[in-house]
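Just below is one structure, and these are the notes that go with it.
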Amino acid sequence: MFNCPQFAKMNFPISTLLLSYFCLFSCSYAFNITQMLSNYKDFSTFNDYLTRTTVADQINKRESLTIFVVDNGAMGSVTKKSLDMASKILSLHVALEYFDTKKLQQLPTNEPTLMTTLLQANGQATGQQGFLKATIGGNSSGGGGVSISLASSSDQSASVVQSVTSQPYNISVIQISNAIVPNIISPPTAAPTKMPSSPSESPADSPGSPKGLLDSPNAAPGTGTADGSTAASPDVDLFK
């Protein structure tokens with residue numbers, strides 16, 4: 001096949017060469033989360049969304065992770081969201097530390113254990129909205145009574161069901177009872193902007209306190225509303 005005596009003497013099978021090329025390109029990461037989950041059909045929807053949202057690529061580039069997965073029947077709260085929102089939700093299910101079920105069961109019982117997630121690392125959350133907490137004493141059976149919830153609220157929580165697969169101490173995949181979907185993530189507070197002065201300012205107006213374009217004669221100082229109430233900036237729901 002090859003007109004090269006030196007190569008012929010090496011007598012390398014073509015299959016060996018192909019395997020070498022495969023390892024060269026596929027073994028650059030310590031693991032491949034989609035390949036790991038491909039053996040578990042109960043999590044095929046979760047696995048599919050990891051690929052579609054490119055969260056899988058972010059997972060594969062990291063080390064020492066815990067992925068909290070949900071089965072196909074519990075993915076409805078994720079699949080009904082836009083792909084961008086689904087990406088944020090899945091990123092919240094990736095803790096940037098290795099936990100297997102044994103380590104979870106050995107966590108302190110006097111207070112919850114905080115977990116930093118991929119959502120927080122990506123800069124897509126504020127405050128504690130990108131953190132999870134693990135609490136001993138949940139309703140989980142297979143997980144030894146461990147619950148996973150939002151650090152900012154316990155309204156959204158799930159029970160640890162079982163360990164799915166792992167590569168100690170690089171990646172651990174743990175099933176939880178349901179997806180954790182925050183209701184509202186508030187954006188960072190914007191700095192107040194000063195309204196321009198009215199061009200028809202009268203001499204009676206105070207030079208240091210020009211009327212804003214939204215001020216009315218009966219407005220309380222600095223409010224811009226006639227009844228003195230302050231209009232609140234609505235929270236932005238990133239998960240709708």
Side-chain angles (χ1 to χ4, degrees), residues 29-101 104 114-134 143 146-153 155-167 170-187 236-240:
Y29 299 137
F31 48 79
N32 187 310
I33 183 59
T34 55
Q35 287 185 3
M36 293 175 67
L37 286 178
S38 65
N39 298 320
Y40 304 91
K41 300 303 180 184
D42 289 343
F43 308 107
S44 59
T45 305
F46 190 97
N47 198 17
D48 176 53
Y49 268 76
L50 285 180
T51 301
R52 294 174 61 186
T53 59
T54 69
V55 172
D57 295 336
Q58 300 175 54
I59 292 174
N60 292 339
K61 293 176 183 178
R62 290 182 172 268
E63 298 178 356
S64 190
L65 299 172
T66 303
I67 318 298
F68 295 106
V69 302
V70 297
D71 61 24
N72 298 337
M75 279 291 290
S77 58
V78 179
T79 57
K80 68 181 181 180
K81 304 292 185 181
S82 68
L83 205 59
D84 181 61
M85 298 304 105
S87 175
K88 292 181 174 65
I89 295 171
L90 294 183
S91 297
L92 185 65
H93 287 68
V94 181
L96 304 184
E97 184 177 350
Y98 180 89
F99 290 94
D100 52 25
T101 52
L104 287 175
L114 207 63
M115 301 176 176
T116 306
T117 72
L118 188 60
L119 180 70
Q120 181 70 22
N122 289 342
Q124 297 175 307
T126 58
Q128 289 192 321
Q129 296 166 343
F131 294 87
L132 295 174
K133 61 183 177 183
V146 182
S147 64
I148 308 297
S149 61
L150 293 171
S152 56
S153 171
D155 295 339
Q156 283 284 339
S157 64
S159 298
V160 171
V161 177
Q162 63 179 343
S163 174
V164 178
T165 185
S166 65
Q167 290 183 10
N170 290 322
I171 183 170
S172 173
V173 181
I174 296 177
Q175 181 186 2
I176 56 177
S177 57
N178 53 271
I180 301 172
V181 183
N183 293 321
I184 293 178
I185 284 189
S186 304
V236 176
D237 189 349
L238 296 182
F239 294 89
K240 286 186 177 180

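Residues: numbered from 1 along the sequence shown.
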Report yes or no: does [X] contribute a side-chain atom to a donor-acceptor pair with the main-chain N or O of [Y] at less than 3.5 Å?
{"X": "Asn72", "Y": "Ser44", "value": "yes"}
{"X": "Asn178", "Y": "Val70", "value": "no"}
{"X": "Gln175", "Y": "Gln162", "value": "no"}
{"X": "Ser64", "Y": "Tyr98", "value": "yes"}
{"X": "Asp71", "Y": "Ala74", "value": "yes"}
{"X": "Ser91", "Y": "Ser87", "value": "yes"}

So how far is it from [X] [atom1] to [Y] [atom2], rounded to the nearest 0.5 Å?
{"X": "Thr116", "Y": "Gln128", "atom1": "OG1", "atom2": "CD", "result": "10.0 Å"}
{"X": "Ile33", "Y": "Ile171", "atom1": "CD1", "atom2": "CD1", "result": "4.0 Å"}
{"X": "Met36", "Y": "Ile59", "atom1": "CE", "atom2": "CD1", "result": "10.0 Å"}
{"X": "Phe46", "Y": "Thr51", "atom1": "CZ", "atom2": "OG1", "result": "11.0 Å"}
{"X": "Ile148", "Y": "Lys133", "atom1": "CD1", "atom2": "NZ", "result": "11.0 Å"}
{"X": "Leu50", "Y": "Leu37", "atom1": "CG", "atom2": "CG", "result": "6.5 Å"}

Where do [X] and [Y] come nearest, in terms of heavy atoms and distance?
{"X": "Phe31", "Y": "Arg62", "value": "CZ-O, 3.2 Å"}
{"X": "Leu104", "Y": "Ala134", "value": "CD2-CB, 4.4 Å"}
{"X": "Gly130", "Y": "Leu119", "value": "CA-CD2, 4.3 Å"}
{"X": "Ser172", "Y": "Phe99", "value": "OG-O, 2.7 Å"}
{"X": "Gln120", "Y": "Ala125", "value": "OE1-CB, 3.9 Å"}
{"X": "Ile180", "Y": "Ala158", "value": "CG1-CB, 4.3 Å"}

Side chains of [X] and [Y] in contact at under 4.5 Å (non-hydrogen atoms):
{"X": "Asn39", "Y": "Thr165", "value": "no"}
{"X": "Phe68", "Y": "Leu92", "value": "no"}
{"X": "Val146", "Y": "Thr101", "value": "no"}
{"X": "Asp100", "Y": "Ser166", "value": "no"}

* From Val78, Thr117, Ile176, Val69, residue fulfilling side-chain contact (heavy atoms from CB on, under 4.5 Å) relative to His93 -> Ile176

* Asked: Pick from Leu132, Val94, Leu96, Thr66: which one makes a side-chain contact (heavy atoms from CB on, under 4.5 Å) with Met115?
  -> Leu132

* Determine, for Asp84 against Lys88, whether the closest basic-nitrogen to carboxylate-oxygen distance falls under 4.0 angstrom. => yes

* **Side chains of Ser38 and Asn47, donor plus acceptor under 3.5 Å** => no

* **Exercise: do Gln58 and Asn122 side chains pair donor with acceptor under 3.5 Å** => yes

* **Gln167, CD: over 12 other non-hydrogen atoms inside 6.0 angstrom** => yes

